[in-house]
Amino acid sequence: YLPSASMSRSYKDELGFLERVSSSCFRIKKGFVPHMKVEGRFYVNASLEKLMFEELQHHSSCQGVGGFLPAVKQIANVAALPGIVSESIGLPDIHSGYGFAIGNMAAFDMDDPDAVVSPGGVGFDINCGVRLLRTNLNEKDVQPVKEQLTQSLFDHIPVGVGSKGVIPMTAKDLEEALEMGMDWSLREGYAWAEDKEHCEEYGRMLQADPAKVSSRAKKRGLPQLGTLGAGNHYAEIQIVDEIYNKHAASKMGIDRQGQVCVMIHSGSRGLGHQVATDALVLMEKAMKRDKIQVNDRQLACARIASQEGQDYLKGMAAAANYAWVNRSSMTFLTRQAFAKAFQSTPDDLDMHVIYDVSHNIAKVEQHVLDGKQRTLLVHRKGSTRAFPPHHPLIPVDYQVGSSISDVD
């Protein structure tokens with residue numbers, strides 16, 4: 001591995017490589033870390049800007065010994081990966097992560113034989129994502145039964161490290177779920193047909209191959225379906241506090257302040273973590289074989305076209321499908337909990353999925369770069385895709401006479 005940066009540089013010298021582009025955007029010039037192929041760019045508000053620069057200052061004063069690598073260094077190290085195009089981008093709320101910073105987005109040219117895929121650019125919790133459900137309830141409906149409703153959610157959705165799910169699943173079911181994603185949930189009666197329309201990738205990545213998911217990963221995933229997990233994951237009853245765009249909100253079925261919604265934030269549990277761990281071990285060997293050098297050993301990667309690269313993308317897609325099945329299962333359990341608490345049905349409570357968006361994923365996408373259409377592998381970690389108005393991938397019922405962005 002190459003050194004991640006010149007260890008002897010002072011904080012003042014480091015600042016020479018960072019240039020303010022606007023009140024909320026900074027440019028990271030080549031040379032900030034070795035072998036940068038492109039520049040870096042990050043977006044911050046005043047408070048985040050302070051944190052980013054304090055982190056760098058602390059790193060400089062310790063001469064790079066101990067602690068996390070600052071996010072600004074991680075953005076630059078990603079800019080040194082083979083096959084990266086345009087810029088390595090840090091989005092708002094960027095902070096240090098494993099290899100890539102959380103909030104880092106980077107795209108790699110699929111037509112470049114040296115271009116790489118890096119599990120650190122997806123994260124250990126593959127297809128960690130956020131799903132929002134609406135209801136026709138108001139805050140005043142929920143207040144009298146708040147305790148019972150919360151208890152009902154706890155009773156239905158297992159939480160915590162190593163929690164076991166209540167959705168019955170055999171090894172054969174798991175194989176099918178890994179391949180089919182939300183189509184499995186739909187077939188088994190855990191999802192509504194319209195849920196898929198309001199989900200990124202319609203809840204299924206077609207390149208998934210369950211054979212590329214190790215038996216250890218499957219063993220970890222089998223008992224965990226329909227579980228929330230721990231850390232920053234949550235299933236939260238929320239109240240609409242403010243509506244910024246009434247027209248767009250009403251298209252999504254949000255039409256008043258005080259309306260009750262449920263947000264679910266979870267991913268692929270132990271299965272996804274194991275897929276990432278397995279891939280990192282194999283990619284370490286592939287890097288030696290293909291003589292790929294990176295600035296930080298956490299940026300282990302493999303050429304996209306290599307066996308290791310292709311196997312990871314197929315296994316990652318299967319783990320992504322598992323995450324969509326998992327969020328669908330928790331949606332089913334949430335609907336049951338509300339129906340029980342209000343002695344109604346999920347349908348009568350209008351418990352539709354507004355949207356399900358992933359923030360830990362790598363996907364093959366078409367983008368126009370320098371006036372030419374290019375096929376890129378876009379890594380998004382702690383960041384989501386976002387669409388302009390009338391983009392064809394925005395759900396059709398949101399498009400009619402509307403201008404809405406698919407953002408988390």
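Along the sequence shown, residues carry numbers from 1.
With no hydrogens or angles considered, no side-chain donor-acceptor pair links Asn45 and Glu49 at under 3.5 Å. Residues Arg327 and Asn127 have side chains that bring a donor and an acceptor to within less than 3.5 angstrom of each other.
Not one N or O on the side chain of Thr227 forms a donor-acceptor pair closer than 3.5 Å with the backbone of Gly165. Between the side chain of Glu14 and the backbone N or O of Arg9, no donor-acceptor pair lies under 3.5 Å. Proximity of a side-chain donor or acceptor of Gln274 to a complementary backbone N or O of Ala217 within less than 3.5 Å is not detected. In this structure, the side chain of Asn245 engages the main chain of His247 through a donor-acceptor pair within 3.5 Å. Within the 3.5 Å criterion, the main-chain N or O of Asp348 finds a donor-acceptor partner in the side chain of Asn136. With Gln74 contributing its side chain and Gly97 its backbone, the two residues share a donor-acceptor pair below 3.5 Å. Panel note: side chain Glu200, backbone Ser358; a donor-acceptor pair is recorded below 3.5 Å. Put simply, the side chain of Gln259 gets close to the backbone of Gly253: a donor and an acceptor are under 3.5 Å apart. Between the side chain of Thr384 and the main chain of His359, no donor-acceptor pair closer than 3.5 Å is present. Panel note: side chain Asn321, backbone Ala318; no donor-acceptor pair is recorded below 3.5 Å.
The nearest pair of heavy atoms linking Cys261 to Ile254 is SG-CD1, 4.4 Å. Here the closest heavy-atom approach between residue Leu81 and residue Val116 is recorded as CB-CG2, 4.2 Å. Across Met169 and Ala177, no two heavy atoms sit closer than the pair CE-CB, 3.7 Å. Residue Gln399 comes nearest to His391 through the heavy atom pair NE2-O, 2.9 Å, listed as atom of the first residue, atom of the second, then distance.
Around the NZ atom of Lys164, the shell of radius 6.0 Å holds no more than 12 heavy atoms that belong to other residues, nucleotides or ligands. By the neighbour-count criterion of 12 heavy atoms within 6.0 Å, atom CG of Asp241 is sparsely surrounded, having that number or fewer from other residues, nucleotides or ligands. No more than 12 heavy atoms of other residues, nucleotides or ligands lie within 6.0 Å of NZ in Lys285, so this atom counts as exposed by the packing criterion.
Taking the side-chain hydrogen bond (donor to acceptor under 3.5 Å, both in side chains) definition, one finds that Lys30 meets it with nothing, sequence neighbours left out. Under the side chain to side chain contact (heavy atoms under 4.5 Å, CB included) criterion, Ser61 pairs with His58, sequence neighbours left out. Listed by chain and residue number, nothing satisfies the ring pair (Phe, Tyr, Trp, His ring centres under 6.0 Å) test with Tyr322 (two or more places apart in sequence, or in another chain). For the side chain to side chain contact (heavy atoms under 4.5 Å, CB included) test, residues two or more places apart in sequence or in another chain that qualify with Ile102 are His95, Lys381. In this view, Gln57 and Tyr11 satisfy the side chain to side chain contact (heavy atoms under 4.5 Å, CB included) rule, not counting sequence neighbours.
Counting heavy atoms from C-beta outward, Lys363 and Arg385 have side chains that approach closer than 4.5 Å. Residues Gln207 and Leu313 are not in side-chain contact: their nearest non-hydrogen atoms beyond the backbone lie 4.5 Å or more apart. Residues Ser328 and Arg131 meet the side-chain proximity criterion, which asks for heavy atoms closer than 4.5 Å. Here the side chains of Phe342 and Val142 are in contact, with some heavy-atom distance below 4.5 Å. Using a 4.5 Å heavy-atom threshold, the side chains of Met351 and Phe338 count as touching. At least one side-chain heavy atom of Val294 sits under 4.5 Å from a side-chain heavy atom of Cys301. Contact of the Cys199 side chain with the Tyr355 side chain is not registered, since no non-hydrogen atoms from C-beta on lie closer than 4.5 Å. Taking 4.5 Å as the limit, every side-chain heavy atom of Val353 sits out of range of all side-chain heavy atoms of Arg134.
Salt-bridge annotation for Lys251 and Asp397: absent, with no side-chain N of the basic residue lying under 4.0 Å from a carboxylate O of the acidic one. Under the 4.0 Å criterion applied to side-chain N and carboxylate O atoms, Glu308 and Arg303 are not assigned as salt-bridge partners. Ionic pairing of Asp141 and Lys146 is not present here: no N-O contact between side-chain nitrogen and carboxylate oxygen is shorter than 4.0 angstrom. Between Arg256 and Glu139 there is no salt bridge, since no side-chain nitrogen of the basic residue lies less than 4.0 Å from a carboxylate oxygen of the acidic one. Under 4.0 Å is where a charged nitrogen must lie from a carboxylate oxygen, and between Arg289 and Glu284 no such pair does.
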Open item on the list: Pair Arg335, Asp195 - check salt bridge (Lys or Arg N to Asp or Glu O under 4.0 Å), show working.
Closed with: CA-CA 13 Å; Arg335 285 168 173 160; Asp195 292 350; 3.0 Å; yes
Task: salt bridge (Lys or Arg N to Asp or Glu O under 4.0 Å) assessment of Arg380 paired with Glu365 - done: CA-CA 12 Å; Arg380 293 189 183 91; Glu365 297 175 355; 2.9 Å; yes
TODO: Give the intermediate values and the outcome of salt bridge (Lys or Arg N to Asp or Glu O under 4.0 Å) for residues Arg269 and Asp125.
DONE: CA-CA 7 Å; Arg269 308 292 283 109; Asp125 192 2; over 6 Å; no
Task: Met182 vs Arg204, side chain to side chain contact (heavy atoms under 4.5 Å, CB included): CA-CA, chis, key distance, verdict - done: CA-CA 6 Å; Met182 275 178 72; Arg204 178 179 187 176; 5.9 Å; no
Open item on the list: side chain to side chain contact (heavy atoms under 4.5 Å, CB included), that's the test. Do His379 and Val117 meet it? Break it down for me.
Closed with: CA-CA 8 Å; His379 294 62; Val117 56; 3.7 Å; yes
TODO: Mind running side chain to side chain contact (heavy atoms under 4.5 Å, CB included) on Leu133 and His352 for me, showing each step along the way?
DONE: CA-CA 6 Å; Leu133 315 176; His352 285 276; over 6 Å; no
Task: Pair Ser329-Asn326, side chain to side chain donor-acceptor pair (under 3.5 Å): steps then yes or no - done: CA-CA 5 Å; Ser329 300; Asn326 193 32; 5.4 Å; no
TODO: Kindly indicate, with the supporting measurements, whether the criterion side chain to side chain donor-acceptor pair (under 3.5 Å) is fulfilled by Ser214 and Asp278.
DONE: CA-CA 8 Å; Ser214 69; Asp278 293 342; 2.6 Å; yes
Task: Intermediate values then yes/no, side chain to side chain contact (heavy atoms under 4.5 Å, CB included), Lys196 and Asp183 - done: CA-CA 8 Å; Lys196 274 185 60 179; Asp183 286 337; 2.6 Å; yes
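Ring centers of Phe53 and Phe26: under 6.0 Å apart, within the cut-off. The aromatic ring centres of Tyr398 and His198 sit less than 6.0 Å apart.
Under the 6.0 Å distance and 45° angle rule, Lys73 counts as a cation-pi partner of Phe32.
The side chain to side chain contact (heavy atoms under 4.5 Å, CB included) test with Met263 singles out one residue from Leu132, Ile354, Ile237, and that residue is Leu132. Of the residues Ile89, Ile84, Asp296, Asn295, the one that meets the side chain to side chain contact (heavy atoms under 4.5 Å, CB included) test with Val78 is Ile84.
Sorted by first and then second residue, the ring-ring contact (aromatic ring centres under 6.0 Å, His included) pairs involving residues 210-239 (not counting sequence neighbours) are His233-His265, Tyr234-His265.
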